[in-house]
Amino acid sequence: MTNGIGTAVAAAPGDRDADDVFVDVQNVRLNYQVGDDSSTLALDETNMTLRRGEFVAIVGPSGCGKSSLLKLASGLRRPSSGEVLVGGSAVVKPIKIVGMAFQNPTMLPWLRTIDNVLMPLQIVEPHRSQFRAKKEEYREMARGLLAEVGLAHFADKYPWELSGGMLQRASLCRALIHDPRLLLLDEPFGALDAFTREDLWQVLQKLWMERHPTVILVTHDLREAVFLADTVHVMSARPGRVLTSHRVDIRRPRTLDDLFTDTASQLVHELRSHISHDRGV
Amino acid sequence: MRTVDELDTVSRTTMDARARSGSTRGRIAKSLRELAAPDKVFPALAIVLFFVVWEIVCRVFNVPVFILPKPSEFLGVLIAKWPAILPNAIQTLYTTIVGFALGVLVGAAIGACVGLSRFVYRVTYPLLIGFYSVPKIAVVPILVIWFGIGTIPAILTAAIMCLFPVVVNVATGLATTEPELEDVLRALGASKLDVLRRVGLPRSMPYFFASLKIAVSLAFVGTVVAETVAANIGIGSMMILASSTFDVPLVFAGVFLLAVLGVAMYAIFALIERRVTFWARRNADVAA
């Protein structure tokens, strides 16, 4: 399926230089216990590899286990069978190199925005033990990050004084403050209006280009996936599997205008038809 | 009708007052304005009106003192017998505060245990409801058997009374932590204790302080109930003595005093709640 637009890529590990692989999902199955003796299969024989610094988007019908995949990658959940490797070692408990952001920005309302952003530094080592000593340095870091996403004047406001878009910007800052090597985003812009969402795509692209974490973005929005990702994986309805993967060959930094080129629209269309086909529409 | 110019003057005056609010004069002016605000004046008027109507009804229908004394009568008794009443009031206040503190400490501890574990929550819930359903006055005779007549049964009754609202609220506050928030921290390797300290406890504070207001009122009820049954001093005991000698104005003076003390304690904790958990009420009056 090579047509110069999206290049279909094989998801099998070993296909690329082994040193380059950062996240390796191998034959993962995940069962959710429902009630006492019945269980649902959320993921079935899922394989996926991410290169170091790659931006991957996962799209698919709702309930296809996209979010479960993030929980597996972060170590919040263990697979029922198969293995998830991050940085070459199996994930058996929460790995601390992860930053997360969700559709719900989950800011703590009793802390000012800057203190919300600083929260991960109070949890994760080595920052945790240095937090008191380096407080000023860390605060400057947080202010810098907030300024980058356009929240310079809102650092000392409380979260409930911010709009939805601002909260999501702050949530991205919180996910990135400890410079995580793996950034997991679960529909972070799902609840925002179209224009705010497009602003935030650009903010996220800028942050990613500066810091180059490996990113897994779960989204329903195919244009979002095409705008942001290096590779888009399409997942099937439950139980989830990777149906197909597309490389997005649009140079960076991408602009919103790039989304209106034939390349991008054809790719969006193609992704759309995969999902429709899988849902039997 | 005001002209536009007049309105402009008015708004400018208000702005000037705001600008001055840093100075002492401005602050006094501000607090006076706040006191005179309709939402403060009308409740005060309602209280005054209540007693005025009471007074009038008693006078018009010539109600006998031993049935319903006039406010002027029991307020007079309250002032005249103040030296004798004061030790009773102090005793009741002391008992209430000690019982309240005890109840809140134990209640918060139990609430934390119950709220942190779904298992403990499920196991202890019926037991808690059972304890909650027992009329607390039924416990007083038992406490008297154990501890004799005096301050201790009253303190314990007050503590038992305010235990449950605190337990239920603290447990609810802890149990309803957003799972996503927990995920953000746990993915960073936060321990259960970290999550509790950074998220669970601060988040349950509004619930906790809301329960304190209720608990302090209930502690008063507990104290007075125990005092009427098993004490020689305290407002409750004073009222029982007064009623046995048909000193009805003194009984009403006791009720009035209890109401004043109860409102004062409630107000103190409402104020603390406002200060500590301002964020839970969101933008309402915080921005001002």
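Computation of the quantities below employed the complete heavy-atom set of this structure, encompassing side-chain atoms and omitting hydrogens, waters and symmetry-equivalent molecules. By convention in this document, chain letters (A, B, ...) are assigned in the order of the sequence lines, proteins followed by strands, and residues within each chain are numbered from 1. Owing to the predicted nature of the structure, the values given are computational and were not obtained by experimental measurement.
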Handout entry: A:Leu108 portion near chain B, given a 4.5 angstrom heavy-atom threshold
Key =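 Contact with chain B: side chain only.
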
Could you check whether any side-chain heavy atom of [X] comes within less than 4.5 Å of a side-chain heavy atom of [Y], counting everything from C-beta outward?
| X | Y | answer |
| --- | --- | --- |
| A:Arg128 | B:Asp194 | yes |
| A:Lys71 | B:Asp183 | yes |
| B:Leu185 | A:Met119 | yes |

Heavy atoms of other groups near [X] [atom1], more than 12 under 6.0 Å:
| X | atom1 | value |
| --- | --- | --- |
| B:Lys213 | NZ | yes |
| B:Tyr125 | OH | no |
| B:Arg197 | CZ | no |

Problem - Shortest non-hydrogen separation from A:Met100 to B:Ala187 and the atoms involved - result: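 Scanning both residues, the minimum pair turns out to be SD-CB, 3.5 Å.
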
Practice task
Quick one: closest heavy-atom pair of B:Gly189 and A:Ile123, and the distance?
Solution key: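 Distance-wise, the nearest heavy atoms are C-CG2, 4.5 Å.
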
Practice task
Measure the spacing between CD1 of A:Ile97 and CG of B:Leu188 and express it to the nearest 0.5 Å.
Solution key: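 The CG atom of B:Leu188 is 11.0 Å from CD1 of A:Ile97, to the nearest 0.5 Å.
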
Practice task
Describe, in one word, how the ring planes of A:Trp110 and B:Trp279 are oriented to each other, choosing from parallel (under 30°), tilted (30 to 60°) and perpendicular (over 60°).
Solution key: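 Taking B:Trp279 first and then A:Trp110, their aromatic rings sit tilted (interplane angle of 30° to 60°).
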
Handout entry: For chain A, the option from B:Pro206, B:Pro202, B:Ala190 that forms the most heavy-atom pairs under 4.5 Å
Key =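 Heavy-atom pair counts peak at B:Pro202.
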
